[in-house]
Amino acid sequence: MAEPQIHFWAPPDLPGLAFDPLLARLLHEEPVARVRLPNGEGHAWLATRYDDVRFVSVDPRFSRQAVMGRQVTRLAPHFIPMDGAVGFADPPDHTRMRRVVASAFTARSMRRLHEHAQQVVDRLLDRMEGKGGPLDLVAHLNRPFPLAMVCALMGVPDEDQSKMAHWSDTIISAAHGREASEQAKAEMSAYFRDLIERRRAEPQEDLAGVLAGALENEVLDRDEAVGLAVLIQIGGAHAVRNNSANMVYALLTRPGHLARLRAEPELLPQAVEELLRYIPHRNAVGLSRIALEDVEVGGVLIPEGDPVYVSYLTANRDPHVFADPEQLDFDRTHNPHVAFGHGPHYCPGATLARMESEILLRSLWDRFPDLRLAVPEEELVWERGALIRGPRELPVQW
């Protein structure tokens with residue numbers, strides 16, 4: 001049989017919530033395909049259907065650890081994992097590291113963070129109200145809110161938030177280049193190495209304190225503790241910033257959906273779930289896995305040693321799982337989306353991200369019921385060369 005075609009995939013910088021055309025085509029025409037991204041070497045398999053994505057995400061024959069040391073084809077020129085990175089660990093090491101992080105997301109800590117989140121949002125909205133519109137909502141709310149929250153979770157003091165923002169932006173964007181990314185990663189790692197050591201001397205109830213305790217008890221080594229801190233800091237600030245801005249944009253440009261949400265505020269949690277499913281929050285794909293043996297996926301044989309990617313974006317648009325998947329439907333009650341991933345690498349901060357999104361959307365429109373875009377939609381500027389999609393600026397008035 002002839003070898004399947006290799007699709008060269010240089011994801012375009014798409015405006016708004018436009019869906020990647022190659023992803024859409026592969027989902028419907030070639031759900032297990034071979035692709036080559038702009039960086040790295042060779043090709044990789046890409047699974048796009050919901051069932052195949054979930055299968056690859058949980059089957060132990062697909063290894064994240066085996067990616068280490070290989071130049072797998074990828075989007076970013078510099079996305080080199082740190083030593084001990086949980087994202088590239090397999091069970092049982094991954095299970096051990098995840099258990100440490102989970103201990104920071106207890107019901108008690110989430111109640112504390114919920115109270116803090118409302119205080120932070122109210123303070124930011126007070127400043128907006130005092131300044132008056134028009135203003136950039138990303139700069140005044142979507143960026144500082146999740147940054148403040150993940151810093152509170154980690155134990156990073158307020159005066160260091162600007163450093164965290166700079167490091168995260170440099171690491172997460174493909175536009176800054178490998179050298180700048182590696183320097184930012186080294187500086188952020190050194191910061192958390194020092195913070196965790198300080199928590200060993202003076203324990204506190206934050207994630208840095210939890211990591212210090214795990215290091216003290218030899219549950220984690222130093223590289224693992226620092227790698228976890230960097231991963232959660234970057235993900236907690238950057239992903240929620242862009243996705244919450246995408247949610248606001250979606251509502252501002254869909255007046256019927258916004259009116260429904262204003263009239264039925266109890267619908268907000270369900271609406272957030274649908275927004276999470278619908279919004280294409282990233283460019284291309286995340287981290288790959290390596291097939292440890294020949295494995296059949298969706299009727300296609302993946303040879304041993306080949307890298308495999310999954311697309312959570314296309315899984316969330318699979319018509320076999322979601323009726324009318326291209327529609328944003330706040331009445332969608334059965335919504336088993338995989339916006340936070342699936343399986344062992346499911347996002348550890350999903351509960352916090354949901355809470356932040358609900359608080360931000362509810363508080364924003366409670367304070368500014370007449371909120372609207374301050375420029376025509378076609379004049380909005382979107383992130384370029386970014387791994388996580390979103391508006392660079394969101395000018396609003398009320």
Side-chain angles (χ1 to χ4, degrees), residues 16-17 110-153 156-166 168-169 236-269 271-272 275-276 279 330 352-383 390-398:
L17 305 182
M110 291 306 296
R111 284 194 298 271
R112 176 178 60 83
L113 287 170
H114 190 283
E115 294 174 4
H116 183 65
Q118 192 63 62
Q119 293 169 2
V120 171
V121 164
D122 289 343
R123 186 166 63 246
L124 292 170
L125 295 178
D126 287 344
R127 291 176 186 170
M128 285 175 54
E129 194 167 19
K131 183 178 179 62
L135 50 73
D136 174 18
L137 196 68
V138 172
H140 287 82
L141 182 62
N142 298 105
R143 181 185 180 93
F145 174 46
L147 177 63
M149 290 305 300
V150 75
C151 285
L153 172 72
V156 173
D158 292 350
E159 59 267 24
D160 290 339
Q161 287 186 18
S162 60
K163 286 193 290 192
M164 288 294 158
H166 168 70
S168 297
D169 286 348
H238 201 83
V240 177
R241 178 190 90 188
N242 283 17
N243 224 27
S244 67
N246 282 328
M247 289 181 181
V248 173
Y249 164 79
L251 292 172
L252 287 175
T253 54
R254 291 165 174 79
H257 288 77
L258 178 56
R260 174 89 185 278
L261 208 51
R262 296 286 297 146
E264 304 174 50
E266 68 280 0
L267 194 63
L268 182 59
V272 166
L275 287 162
L276 287 167
I279 290 171
F330 288 169
L352 180 60
R354 285 183 166 101
M355 180 186 78
E356 290 177 39
S357 298
E358 290 183 25
I359 288 175
L360 185 149
L361 294 179
R362 179 181 292 113
S363 302
L364 179 61
W365 267 282
D366 282 351
R367 183 71 68 94
F368 304 114
D370 296 323
L371 190 78
R372 60 194 183 278
L373 288 175
V375 299
E377 182 181 347
E378 58 271 17
E379 292 182 15
L380 293 175
V381 178
W382 297 83
E383 293 284 0
R392 187 176 300 171
E393 298 176 352
L394 198 57
V396 295
Q397 58 190 11
W398 53 88

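Hydrogens, waters and symmetry mates play no part in the numbers below; they use all other heavy atoms, side chains included.
- T253 has its side chain out of reach of L17: every pair of non-hydrogen atoms, C-beta onward, lies at least 4.5 Å apart.
- At least one side-chain heavy atom of H238 sits less than 4.5 Å from a side-chain heavy atom of D169.
- Between R392 and W382, the shortest heavy-atom distance links the atoms NH2-O, 3.7 Å.
- With a 4.5 Å cut-off on side-chain heavy atoms, F330 and E264 do not count as touching.
- The CE atom of M247 sits 9.0 Å away from the CD atom of E358 when rounded to the nearest 0.5 Å.
- V138 is not listed as a side-chain neighbour of E383, based on a closest heavy-atom distance of 4.5 Å or more.
- With rounding to the nearest 0.5 Å, the separation of CG in L276 from CZ in R354 is 6.5 Å.
- Listed by chain and residue number, D366 satisfy the salt bridge (Lys or Arg N to Asp or Glu O under 4.0 Å) test with R262 (two or more places apart in sequence, or in another chain).
- Between the CD1 atom in I359 and the CD atom in Q119 there is a gap of 10.5 Å [rounded to 0.5 Å].
- Heavy atoms only, all atoms of each residue included: D136 and L394 are closest at OD1-N, 2.7 Å.
- Minimum interatomic distance between L252 and L371 (heavy atoms only, all atoms of both residues): CD2-O, 3.6 Å.
- Rounding to the nearest 0.5 angstrom, the gap separating the OG atom in S357 from the CG atom in L275 is 8.5 Å.
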Does the pair L261 and W365 meet the rule for a side chain to side chain contact (heavy atoms under 4.5 Å, CB included), with working shown? CA-CA 10 Å; L261 208 51; W365 267 282; over 6 Å; no
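- Interatomic distance, N142 CG to Y249 OH, rounded to the nearest 0.5 Å: 14.0 Å.
- Rounding to the nearest 0.5 Å places CD of E356 at 13.5 Å from CZ of R241.
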Run L360 and V240 through side chain to side chain contact (heavy atoms under 4.5 Å, CB included) and show every step you take. CA-CA 11 Å; L360 185 149; V240 177; over 6 Å; no
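- Closest non-hydrogen pair, L125 versus S363, comes out as CD1-O, 3.5 Å.
- Side-chain contact between M110 and L352 is present, with heavy atoms from C-beta onward closer than 4.5 Å.
- The shortest side-chain heavy-atom distance between V381 and P391 does not fall under the 4.5 Å cut-off.
- Inter-residue side-chain proximity for M128 and R367 is flagged as unmet; no heavy-atom pair is nearer than 4.5 Å.
- Across all non-hydrogen atoms, the minimal contact from L113 to M149 is O-CE, 3.3 Å.
- Of all heavy-atom pairs between V150 and G236, the closest is CG2-CA, 3.9 Å.
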